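Quick notes on the structure that follows.
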Amino acid sequence: MTARAATGRDTVRLTGLRARGRHGCLPAERELGQEFVIDVALWFDTAPAAAADDLTLTVDYGALAAELVRIVEGEPVNLIETLAERLAAACLAHELVEEAEVSVHKPAAPIPLPFGDVVVTIRRGRA
């Protein structure tokens, strides 16, 4: 039995979505802004859309990407944890999505030491 057949869910991933935001606790982060990188994974059954070859029966990842960018570019928050929660809520607002995993990368975080990336990852489902 395949994983999809066992769970009834498939995964759609959108990775490396870039947007400029003004999130952070420091005044300079709010003033200058910085680039954030977003990865999302959505769990839902894609079989009906595949069978009908119909975009209206799935999550339009292009529209979702635009929605997520608007959130990143929108109202600033102190924590990327808060930003991740907002992005996950937007993913779960799509009625087909049963579960969403969101990673928010802050590659230019104000850390005075060499580092590769700062990432917060959350996974949320329907209550």
Side-chain angles (χ1 to χ4, degrees):
M1 188 178 301
T2 67
R4 197 196 83 62
T7 65
R9 298 188 303 170
D10 305 302
T11 307
V12 173
R13 295 182 188 279
L14 171 63
T15 62
L17 182 64
R18 298 177 186 284
R20 192 160 182 84
R22 297 178 179 274
H23 310 288
C25 294
L26 301 178
E29 292 178 293
R30 295 292 179 104
E31 265 181 56
L32 302 173
Q34 60 191 289
E35 183 179 69
F36 293 84
V37 181
I38 308 303
D39 301 326
V40 299
L42 310 174
W43 282 268
F44 62 97
D45 187 359
T46 64
D53 197 27
D54 185 347
L55 178 62
T56 66
L57 298 177
T58 189
V59 176
D60 180 341
Y61 49 78
L64 177 64
E67 198 176 332
L68 299 176
V69 165
R70 281 193 298 277
I71 292 168
V72 173
E73 292 176 343
E75 180 185 349
V77 295
N78 289 329
L79 303 177
I80 58 175
E81 291 87 337
T82 306
L83 180 58
E85 287 286 347
R86 289 182 178 180
L87 296 167
C91 292
L92 290 170
H94 293 262
E95 98 179 37
L96 292 175
V97 177
E98 299 169 25
E99 198 169 351
E101 182 177 274
V102 175
S103 295
V104 177
H105 300 256
K106 191 173 180 180
I111 298 173
L113 299 163
F115 73 99
D117 198 2
V118 172
V119 184
V120 169
T121 300
I122 65 170
R123 191 166 179 169
R124 299 293 182 263
R126 297 196 177 279

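As the structure is a prediction and not an experimental result, all values here were calculated from the model. Heads up: numbering here begins at 1 and tracks the sequence. FYI, side chains are in, hydrogens and waters are out, and symmetry mates aren't considered; it's all heavy atoms of this structure.
Criterion: ILVMFWY side-chain heavy atoms under 4.5 Å apart, direct or through other members. Under it, Leu57 and Val97 are not part of a common hydrophobic cluster. The hydrophobic cluster containing Val119 does not contain Val72, counting ILVMFWY residues as joined when their side-chain heavy atoms lie under 4.5 angstrom apart, directly or transitively. One hydrophobic cluster, built from ILVMFWY side chains closer than 4.5 Å, holds both Val77 and Ile71. Residues Ile122 and Leu42 fall within the same hydrophobic cluster, defined by Ile, Leu, Val, Met, Phe, Trp and Tyr side chains chained together at heavy-atom separations under 4.5 Å.
Between Asp10 and Asp45, the closest side-chain pair of non-hydrogen atoms falls below 4.5 Å. Here the side chains of Pro76 and Leu83 are not in contact, with every heavy-atom distance at 4.5 Å or above. Two residues are said to be in side-chain contact when any heavy atoms from C-beta on lie closer than 4.5 Å; Leu64 and Leu68 meet this criterion. At least one side-chain heavy atom of Ile111 sits less than 4.5 Å from a side-chain heavy atom of Val118.
Remark: Ala65 engages Leu14, Leu17 in a side chain to side chain contact (heavy atoms under 4.5 Å, CB included) (not counting sequence neighbours). Under the side-chain hydrogen bond (donor to acceptor under 3.5 Å, both in side chains) criterion, Asp54 pairs with Thr56, sequence neighbours left out. Scored by the side-chain hydrogen bond (donor to acceptor under 3.5 Å, both in side chains) test, Ser103 finds Thr121 as partners (sequence neighbours excluded). Partners of His23 according to the ring-ring contact (aromatic ring centres under 6.0 Å, His included) rule, which considers only residues two or more places apart in sequence or in another chain, are Phe36. Evaluation of the side-chain hydrogen bond (donor to acceptor under 3.5 Å, both in side chains) rule for Thr11 yields Trp43 as partners, not counting sequence neighbours.
Sequence neighbours left out, the pairs with a member in residues 109-127 that pass salt bridge (Lys or Arg N to Asp or Glu O under 4.0 Å) are Glu85-Arg124, Glu99-Arg123. Sorted by first and then second residue, the salt bridge (Lys or Arg N to Asp or Glu O under 4.0 Å) pairs involving residues 12-38 (not counting sequence neighbours) are Arg18-Glu35, Glu29-Lys106.
Taking CG of Asp60 as the start and CG of Leu55 as the end, the distance is 4.5 Å to the nearest 0.5 Å.
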Sequence neighbours excluded and cut-off under 3.5 Å, please list the side-chain donor-acceptor pairs for residues 87-94, or say none.
| from | atom 1 | to | atom 2 | distance (Å) |
| --- | --- | --- | --- | --- |
| His94 | NE2 | Glu67 | OE1 | 3.1 |

